[in-house]
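For reference, the structure is listed below as structure tokens.
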Amino acid sequence: MENNNKPSNEIQVELSEEMAQGTYANLAIISHSTSEFILDFIRVVPGAPKAQVKSRVILTPDNAKRLLFALQDNLAKYEEQMKGGSKTANFEDFIPPMGGVQGEA
């Protein structure tokens, strides 16, 4: 008897209201070891003696490469949109498509 309940590759992503507000960062420091990449996102305030790390993301090398490709793809789409002279993007441009994770390779 055949099993029709095939596992789905779809991931349900939950975004809390607090997380949806985001965190502003204007500097990123990237370091790596043999097994992981570490991205520290920092907010630098002019005149302040210290800069605070606002978020740290730790990735495997494989996932770091997927992030690189997803950023390249999104930057290319952004640059294409900006060719028309429009200086603002539509809110809908930033909503991930339903049914999967955007930029997934």
Side-chain angles (χ1 to χ4, degrees):
M1 200 171 182
E2 232 179 274
N3 185 359
N4 290 332
N5 296 331
K6 294 180 182 177
S8 172
N9 289 335
E10 187 174 306
I11 298 173
Q12 296 294 320
V13 177
E14 185 175 297
L15 182 62
S16 70
E17 194 172 323
E18 181 182 358
M19 188 62 67
Q21 297 298 314
T23 300
Y24 178 76
N26 53 6
L27 175 68
I29 296 177
I30 303 169
S31 54
H32 68 277
S33 69
T34 57
S35 60
E36 59 198 17
F37 278 76
I38 300 167
L39 288 69
D40 286 327
F41 295 95
I42 300 162
R43 182 182 306 156
V44 178
V45 178
K50 290 185 179 180
Q52 190 176 39
V53 173
K54 294 296 182 177
S55 181
R56 173 174 273 192
V57 178
I58 302 170
L59 303 165
T60 64
D62 184 53
N63 286 334
K65 190 172 246 188
R66 289 174 188 239
L67 175 62
L68 170 67
F69 292 148
L71 282 170
Q72 287 175 329
D73 181 53
N74 276 268
L75 281 168
K77 290 175 183 175
Y78 169 81
E79 289 170 347
E80 186 64 32
Q81 287 176 343
M82 294 301 117
K83 278 185 182 178
S86 172
K87 297 293 181 195
T88 58
N90 295 321
F91 177 75
E92 293 81 24
D93 297 335
F94 299 99
I95 299 174
M98 298 304 287
V101 177
Q102 187 172 5
E104 195 171 67

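Values below: every heavy atom of this structure, side chains too, minus hydrogens, waters and symmetry copies.
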Check: Asp73 side chain, Phe69 main-chain N or O, donor-acceptor pair, under 3.5 Å: no
Residue pair Pro61 / Ser35: nearest heavy atoms and the distance that separates them: CD-O, 3.3 Å
Lys/Arg N to Asp/Glu carboxylate O, Glu80 vs Lys83, below 4.0 Å: yes
Listed once per pair and sorted, the side-chain hydrogen bond (donor to acceptor under 3.5 Å, both in side chains) pairs that draw on residues 46-60, sequence neighbours left out: Asp40-Arg56, Gln52-Lys54, Thr60-Asn63
Working for side-chain contact (heavy atoms from CB on, under 4.5 Å), residues Phe41 and Val57: CA-CA 8 Å; Phe41 295 95; Val57 178; 4.0 Å; yes
Qualifying residue, where the test is side-chain contact (heavy atoms from CB on, under 4.5 Å) with Ile30 and the options are Ile38, Leu59, Leu39: Leu39
Side-chain donor-acceptor pair present, Gln12, Glu10, cut-off under 3.5 Å: yes
Give the table of side-chain donor-acceptor pairs shorter than 3.5 Å for residues 18-28, with sequence neighbours excluded, one pair per line with atom names and distance.
unit_1, atom_1, unit_2, atom_2, d
Asn26, OD1, Val44, N, 2.7
Asn26, ND2, Val44, O, 3.0

